[in-house]
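Position 1 is the first residue of the sequence, and the numbers go up from there. For clarity, every value in this text was computed on a predicted model and none was experimentally measured.
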Amino acid sequence: MRSLCLSWVVLALSSPLSAADDITWLINYDGKALPDSTWTTIGTMNARVEAEGLRVVDDGKDFGHFRAAWKANPGDEIIVEATVKTGAITGSQAKKPATSLWPWRDGAPVMVQVSDGRHQEGLVLFPAQATSFTDRFIPIDTSNRFHTYRLVIRDTDMSMWVDGVQKVAGQNAFWKPADSPEPFIQFGSSAKAATGEAVWSSVKLGVRKATTPLPPDPVKLTISEPWQIPREDVKQTRPYLYDMGKGLLLTSVAQGPDAFYEPYGLLKSTDAGKTWVPIPGLDKIDTTPLPCLRRPDGSILGISRWTRTQPDGRVVGKTVRLNANATSFTMTDNEIILPKQYTNESKGDQIICERHIWNDDDGGITMVVWSRKSVKRADGRNNTERWSHLLRSTDEGKTWNYFATVGPGGEPAVVRLSATEQTSVIRGDRNSLMKQMFSHDSGKTWSKPVDLEVGKVLPDLVLMSNGVLACSYGRPASCLMFSLDGGKTWPSHHVISDKTGFNYTSIREISPGRLLYLHDAPKMSGFTIDVEAVKP
């Protein structure tokens with residue numbers, strides 16, 4: 001470690017500098033000179049003072065950040081404010097976008113991080129978004145001009161603001177246990193592989209007395225110790241979990257490299273998800289069923305994830321019929337029918353059957369799918385459009401006819417809240433934010449998508465018997481959030497595991513108030529989570 005010469009100013013004022021905010025600024029760096037020996041340099045800095053501020057460059061050879069210690073007082077609000085403009089930023093893997101990095105595992109080339117000695121979190125800047133280190137995302141062009149980003153931290157909450165406007169409520173966003181008991185603030189690069197640069201006009205840390213208590217978390221969780229779900233002969237990732245009732249659970253798991261037509265396996269458990277065994281004939285093949293449904297006659301219906309376009313233009317998948325205890329099955333072709341603007345036309349197009357499927361009152365079945373199709377932009381360039389849909393079958397899964405389009409994006413989750421009310425959460429795509437839609441007419445029509453503050457992959461939805469709506473999602477952590485008003489608000493957020501992998505998750509209520517939670521980071525694991533709505 002080494003230190004550079006100055007312009008960090010440590011302030012311990014008896015009165016606040018900003019009467020409007022009532023903040024006592026403890027640290028106030030103005031970007032006009034290099035930080036001095038009061039501050040520690042972590043790594044090898046490539047930093048120079050320019051007219052607009054301090055340019056910090058991580059070129060893959062020289063990278064590091066500046067760190068300052070401060071004294072935290074439990075009960076104070078912590079305010080971190082940075083005025084910064086980014087330059088070029090790369091991802092953590094070759095040929096991957098900048099957003100492919102995993103900030104707390106791989107570090108980040110443009111970041112501000114703060115610790116109060118108990119927890120730590122911060123701000124990561126990508127070219128088109130500002131994020132927390134975990135799961136909160138703000139779409140914004142971070143390079144077009146200087147923006148002022150503010151974090152307001154109270155206990156484990158961390159709201160996020162841009163240019164004076166609150167963008168993230170941040171309930172339980174300041175969650176990660178601190179690396180050390182010494183409070184700190186740091187800015188610059190902590191990236192192991194990604195590169196990037198930014199000009200820092202100012203970085204400040206202040207405190208103020210909290211005048212009102214935080215609202216209590218409306219959901220109480222009791223989380224079991226995790227258990228591994230081992231498999232020696234194949235790597236298992238991306239679980240899709242189904243409760244067939246009668247003590248039978250099924251899960252469809254990916255067994256390939258995250259590519260079209262990769263193999264899947266269908267596994268079953270009769271001990272509440274503690275142990276799993278593959279079903280012979282439905283393991284290590286690309287026609288394994290993904291969505292699975294117990295039919296009124298007691299049999300189990302499953303539909304293959306992958307579909308194939310035929311020479312005549314029809315799109316065909318596989319329908320699997322298993323007996324009641326999933327020990328034998330038959331497999332037949334089915335046909336997937338979508339309007340022309342969504343259906344497959346080119347080689348790279350794909351219609352993918354997702355996990356949610358249910359029995360309808362008229363004896364039919366509704367299934368959730370999403371389409372991935374190459375289309376031409378107005379400028380002639382190719383673009384891949386993803387849309388989520390509902391399909392219906394009235395012939396036991398032989399034919400699936402178009403019912404409705406839920407909204408833009410892939411990896412949809414859909415839950416029925418009542419006979420007429422439904423809601424859907426769809427994977428975050430280019431801006432990482434998951435989107436939510438509502439239907440008030442049994443899925444026939446859907447509202448415009450609303451951006452959630454969280455992201456980003458494979459949401460799952462379960463309406464629990466106690467009325468709590470649970471949503472699991474992942475990457476870069478494995479997370480869970482809850483709503484007590486049918487998805488209108490999500491006031492309870494929790495990181496279940498910060499281990500990294502694909503971070504695909506799946507949940508089902510296996511007994512009243514108890515969720516089974518599967519995730520794949522770094523290997524397939526399970527938890528039970530008891531969920532209790534707390535009365536105000």
May I ask you to say whether Glu385 pairs ionically with Lys373, meaning some side-chain N is under 4.0 Å from a carboxylate O? no
Indicate whether any N or O donor in one side chain lies under 3.5 Å from an N or O acceptor in the other, for Ser472 and Thr505. yes
Electrostatic pair Asp362-Arg392, nearest N-O below 4.0 angstrom: yes
Can the ring centres of Trp446 and Phe438 be said to be less than 6.0 Å apart? no
Asn344 and Thr309 side chains, donor-acceptor separation under 3.5 Å: yes
Could you check whether Arg386 makes a cation-pi contact with Tyr342, meaning its NZ or CZ is under 6.0 Å from the centre of the six-membered ring and within 45° of the ring axis? no
Go through it in stages, so that I can follow the logic: the residues are Thr148 and Glu81, the test is side-chain hydrogen bond (donor to acceptor under 3.5 Å, both in side chains), and I'd like the CA-CA distance, side-chain angles, deciding distance and then a yes or no. CA-CA 7 Å; Thr148 298; Glu81 193 169 278; 5.6 Å; no
Taking it one step at a time, do Gln436 and Asp451 satisfy side-chain hydrogen bond (donor to acceptor under 3.5 Å, both in side chains)? CA-CA 7 Å; Gln436 186 174 6; Asp451 283 343; over 6 Å; no
Working to the nearest 0.5 Å, report the span between CH2 of Trp400 and CD1 of Ile336. 7.5 Å
Out of Asn503, Asp460, Asp135, which one pairs with Tyr473 under the side-chain hydrogen bond (donor to acceptor under 3.5 Å, both in side chains) rule? Asp135
Using modelled atom types and a 3.5 Å cut-off, is there a donor and acceptor pairing between side-chain atoms of Glu421 and backbone atoms of Leu417? no
Please determine if Asp286 and Lys318 form a salt bridge, counting it only when a charged side-chain N lies under 4.0 Å from a carboxylate O. no
List in chain and number order the residues that pass salt bridge (Lys or Arg N to Asp or Glu O under 4.0 Å) with Asp157, two or more places apart in sequence or in another chain; answer none if no residue qualifies. none
What residues, two or more places apart in sequence or in another chain, satisfy salt bridge (Lys or Arg N to Asp or Glu O under 4.0 Å) together with Arg295? Glu396
Does the ring center of Tyr504 lie less than 6.0 Å from the ring center of His519? no
Lys347: salt bridge (Lys or Arg N to Asp or Glu O under 4.0 Å) partners, not counting sequence neighbours: none
Has Gln129 got a side-chain atom pairing as donor or acceptor with Asn431's backbone, closer than 3.5 angstrom? yes
Should we count CG of Asp258 as having more than 12 external heavy atoms under 6.0 Å? yes
So, Lys176 and Asp498, do they make that salt bridge, N to O below 4.0 Å? yes
So that I can tick it off, tell me whether Lys456 and Glu411 are bridged by a salt bridge, with the cut-off set at under 4.0 angstrom between side-chain N and carboxylate O. no
For a 4.5 angstrom cut-off between non-hydrogen side-chain atoms, does Met158 reach Leu123? no
